Amino acid sequence: MASTSEEGIDIQLIQSISTDIQRIIQVTPQKAKEVAEHLYDLKLRRLDHLAYVKETDLGDLLSPFEARQLLEVWKGGEGSSGGQDKENRRPRVIVEGTTDDDKDKFRINWQDIYAINKDIKKKMIQGKKLKRREKKQIIGRIVQQVRDQVPNASRDVFDKVAQQLHDKHSITFQSELAKGRVVKKTLSFKMKTKFDNDRRPIRRTTTEQQAPSIKAAYGCLRWRVVDLPAGETEETLEEKRIALENYFESHRQNAWDWTYINGEMDQLFGQQRAEINRQAEEILKAQKALRRNKNKGNQNQQQVPPGQQAQVVVTTTSDLRDRWPFLFVPSGMLMHFTKLTDINLEEKFETFMDSKLEKIVDFLLATNSDKKKKSVKKNMDRAIEELGQDSTVPVFAAAMLLLIQRFKENKKALWLMVDEHVEESEISAHVELPRTPCLIIQGTTIP
């Protein structure tokens, strides 16, 4: 068999034959290329000679049924779709170096259009209007036909396609064709647009991939991480994760080396995001698949039984805490948030406490007129005397209490008071934890 790397080999011809084989029968690209090279070895040098290929020429490269199906299309036969119009009984091979004459010869394969579904065929024959989804399906099918027959076609070929639509089904496409004028609502314009868009590869920047425009990623600059850190693999990063988990278990909190912890957490940020986002990513994939099926008009497909549907893997907070314990330590959580959003939450909070907090408290004290306001101010002033003027804790506590009063919130839904000597592991035994997030404060009162 001739190698495609030898001098004098027409690589474009072999590629064209290989591509056409894959379009007609379901074979792998390697098998299609093997058949194409075999035909080239038999001195096939022109695409129109495909019509003269015999089953014996293919040897045992294909099954008898694949060979017959392929040859019937190349000879311009009826193929598997049944009887076709005479204008469509010709090989639909990919042509290199398309000329204007080739564009003029393009004919819509109506049997292919009618095969989309019975409703479309019936409506077109009866001159009825089509739904938007049905028009979209027809546009996609016609664009594919143009690519198969005239791959190097320019946009103007669709003006001739529009004329064919008008000649065959003028009533159905009367409003869309707009008497031949190309405006944004016409089928001609939409076919040209799809033809162009399909040729443009979707290239997303790193920023677009890391910060997708979805609700789950709102406000995040690094919702997902595209590339692994330099010099790292999935295996080495998992080893680092396990080492960090063991470090958490084997060292006391006051002996933690935060230089080491922050360095490792920074390297493992992508793995943390992947596990946190796993459920959201799977839901996104399922939604995309559903939209694709809907756009293709697969309403008649059998529904998958509930037991056989793909299950979304749920990652619980407990799972994350077991695998990433430092994510649930304030310093680790702040570092992760900073890397996720490029916002230093601690600095922002300190700036707010210095510049805005007292103004908010003064405003709330001036606007609240009930007796509880006086109690809050009295406790705040007493706490300031005890802790000193530089302490922001009394003012912050007062702001929380005043905001609760202002918006008539339930304090028990925001925080729970526990004994100051209760250990973290014993909290659930002393109080009933709510389903929603809340603050757990050790002590009997808030300043």
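All values reported here derive from a predicted model rather than from experimental measurement.
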Chemist: How far apart are the C-alpha atoms of Tyr218 and Trp223, what are their side-chain angles, what is the distance that settles it, and do they pass the ring pair (Phe, Tyr, Trp, His ring centres under 6.0 Å) test?
Modeler: CA-CA 9 Å; Tyr218 181 77; Trp223 187 75; over 10 Å; no

Chemist: Distance from His169 atom NE2 to Leu165 atom CG, nearest 0.5 Å?
Modeler: 8.0 Å

Chemist: For side chain to side chain contact (heavy atoms under 4.5 Å, CB included), just list the numbers for Ile21 and Lys33, CA-CA rounded to whole Å, side-chain angles, deciding distance to a tenth of an Å, and then say yes or no.
Modeler: CA-CA 9 Å; Ile21 291 171; Lys33 183 179 178 182; over 6 Å; no

Chemist: Consider only side-chain N and O atoms of Thr351 and Asp354, and report whether a donor and an acceptor are under 3.5 Å apart.
Modeler: no

Chemist: Step by step, would you call Val395 with Ile384 a side chain to side chain contact (heavy atoms under 4.5 Å, CB included)?
Modeler: CA-CA 8 Å; Val395 184; Ile384 290 175; 4.3 Å; yes

Chemist: Do Gln22 and Thr28 have side chains that approach each other closer than 4.5 Å (heavy atoms only, starting at C-beta)?
Modeler: no

Chemist: Would you say that Tyr114 contacts Ile120 through its side chain, given a criterion of any heavy-atom pair below 4.5 Å between the two side chains?
Modeler: no

Chemist: Quick one, Trp258 with Tyr260, criterion side chain to side chain contact (heavy atoms under 4.5 Å, CB included). Give me CA distance, side-chain angles, the key distance, then yes/no.
Modeler: CA-CA 5 Å; Trp258 277 104; Tyr260 162 72; over 6 Å; no

Chemist: I need the Lys136 NZ to Arg133 CZ distance, nearest 0.5 Å.
Modeler: 11.0 Å

Chemist: Is there a donor-acceptor contact under 3.5 Å from the side chain of Gln271 to the main chain of Arg241?
Modeler: no

Chemist: Of all the heavy-atom pairs spanning Ala216 and Ala280, show the shortest one and how long it is.
Modeler: CB-CB, 4.4 Å

Chemist: Which heavy atom of Ala399 sits nearest to which heavy atom of Leu364, and what is that distance?
Modeler: O-CD1, 4.2 Å

Chemist: Determine whether a donor-acceptor pair (N or O, by modelled atom type, separation under 3.5 Å) exists between the side chain of Arg222 and the backbone of Leu340.
Modeler: no

Chemist: To the nearest 0.5 Å, what is the distance between CD1 (Ile214) and CG (Asn277)?
Modeler: 7.5 Å

Chemist: Would a 4.5 Å heavy-atom cut-off, applied to side chains only, mark Phe248 and Val329 as touching?
Modeler: yes

Chemist: Classify the ring geometry of His251 against Tyr247: parallel below 30°, tilted from 30° to 60°, perpendicular beyond 60°.
Modeler: parallel

Chemist: Which atoms form the tightest heavy-atom contact between Glu245 and Pro325, and what is the distance?
Modeler: CA-CG, 4.4 Å

Chemist: Less than 3.5 Å apart, any donor N or O on the side chain of Glu275 or Trp324 sitting next to an acceptor on the other?
Modeler: yes

Chemist: For Glu238, does the CD atom have more than 12 heavy-atom neighbours from other residues, nucleotides or ligands under 6.0 Å away?
Modeler: yes

Chemist: Taking the side chain from Asp319 and the backbone from Thr316, do they hold a donor-acceptor pair closer than 3.5 Å?
Modeler: yes

Chemist: Looking at every non-hydrogen atom in both residues, tell me the closest pair between Ala32 and Val27 and how far apart they are.
Modeler: CB-CG2, 4.0 Å

Chemist: Hey, could you give me the NZ/CD1 distance between Lys129 and Ile171, rounded to the nearest 0.5 Å?
Modeler: 12.0 Å

Chemist: Please report the C-alpha distance between Asn109 and Ile113 in whole Å, then the side-chain angles of each, then the deciding distance to 0.1 Å, and finally whether the side chain to side chain contact (heavy atoms under 4.5 Å, CB included) criterion is met.
Modeler: CA-CA 7 Å; Asn109 185 338; Ile113 301 298; 6.0 Å; no

Chemist: Flag yes if more than 12 heavy atoms outside Gln126 fall under 6.0 Å of its CD atom; otherwise flag no.
Modeler: yes

Chemist: Tell me if a side-chain donor or acceptor on Glu34 pairs with a main-chain N or O of Leu61 at a distance below 3.5 Å.
Modeler: no

Chemist: Is it true that a side-chain atom of Arg23 and a backbone atom of Asp148 form a donor plus acceptor pair closer than 3.5 Å?
Modeler: no

Chemist: Would you call Phe106 and Lys160 a side-chain contact if the rule is heavy atoms closer than 4.5 Å?
Modeler: no

Chemist: For Glu347, does its backbone N or O pair with a side-chain atom of Glu350 as donor and acceptor, under 3.5 Å?
Modeler: no

Chemist: At what distance, to the nearest 0.5 angstrom, does CD of Gln137 lie from CZ of Arg141?
Modeler: 8.0 Å

Chemist: Would you kindly say whether Gln163 and Asp159 are connected by a side-chain donor-acceptor distance under 3.5 Å?
Modeler: no

Chemist: Are side-chain heavy atoms of Leu327 and Leu320 found at a separation under 4.5 Å?
Modeler: no

Chemist: Is the backbone of Asn262 close enough, under 3.5 Å, to the side chain of Asp266 for a donor and an acceptor to pair up by distance?
Modeler: no

Chemist: Would you say Thr338 and Leu345 make side-chain contact, with heavy atoms under 4.5 Å?
Modeler: no

Chemist: For Gln15, is there any backbone N or O sitting under 3.5 Å from a side-chain donor or acceptor partner on Thr19?
Modeler: yes

Chemist: Fit a plane to each ring of Phe269 and His336, take the angle between them on a 0 to 90° scale, and name the class: parallel (under 30°), tilted (30 to 60°) or perpendicular (over 60°).
Modeler: tilted

Chemist: Under 4.0 Å between a side-chain nitrogen and a carboxylate oxygen: does that hold for Lys240 and Glu232?
Modeler: yes

Chemist: Salt bridge check: are Arg278 and Glu281 linked by an N-O gap of less than 4.0 Å?
Modeler: no

Chemist: Work out which heavy atom in Ile25 is nearest to a heavy atom in Leu62; give both atom names and the distance.
Modeler: CD1-CD1, 3.9 Å

Chemist: Does any non-hydrogen side-chain atom of Met124 lie less than 4.5 Å from one of Lys168?
Modeler: no

Chemist: Closer than 3.5 angstrom, by distance alone: can the side chain of Arg224 be matched with the main-chain N or O of Gly270 as a donor-acceptor pair?
Modeler: no

Chemist: Thinking salt bridges, do Lys122 and Asp119 make one under a 4.0 Å N-O criterion?
Modeler: no

Chemist: Salt-bridge test for Lys377 and Asp381: reply yes if a basic N is under 4.0 Å from a carboxylate O, no otherwise.
Modeler: yes

Chemist: Which atom names give the shortest non-hydrogen contact between Pro229 and Leu237, and what distance separates them?
Modeler: CD-CD1, 4.0 Å

Chemist: Under 3.5 Å, side chain of Glu346 to main-chain N/O of Leu334, donor-acceptor pair present?
Modeler: no

Chemist: Roughly how far, to the nearest 0.5 Å, is the CG atom of Leu365 from the CD atom of Glu358?
Modeler: 11.0 Å

Chemist: Is there a donor-acceptor contact under 3.5 Å linking the side chains of Gln145 and Asp112?
Modeler: yes

Chemist: Is any side-chain heavy atom of Lys123 less than 4.5 Å from a side-chain heavy atom of Lys131?
Modeler: yes

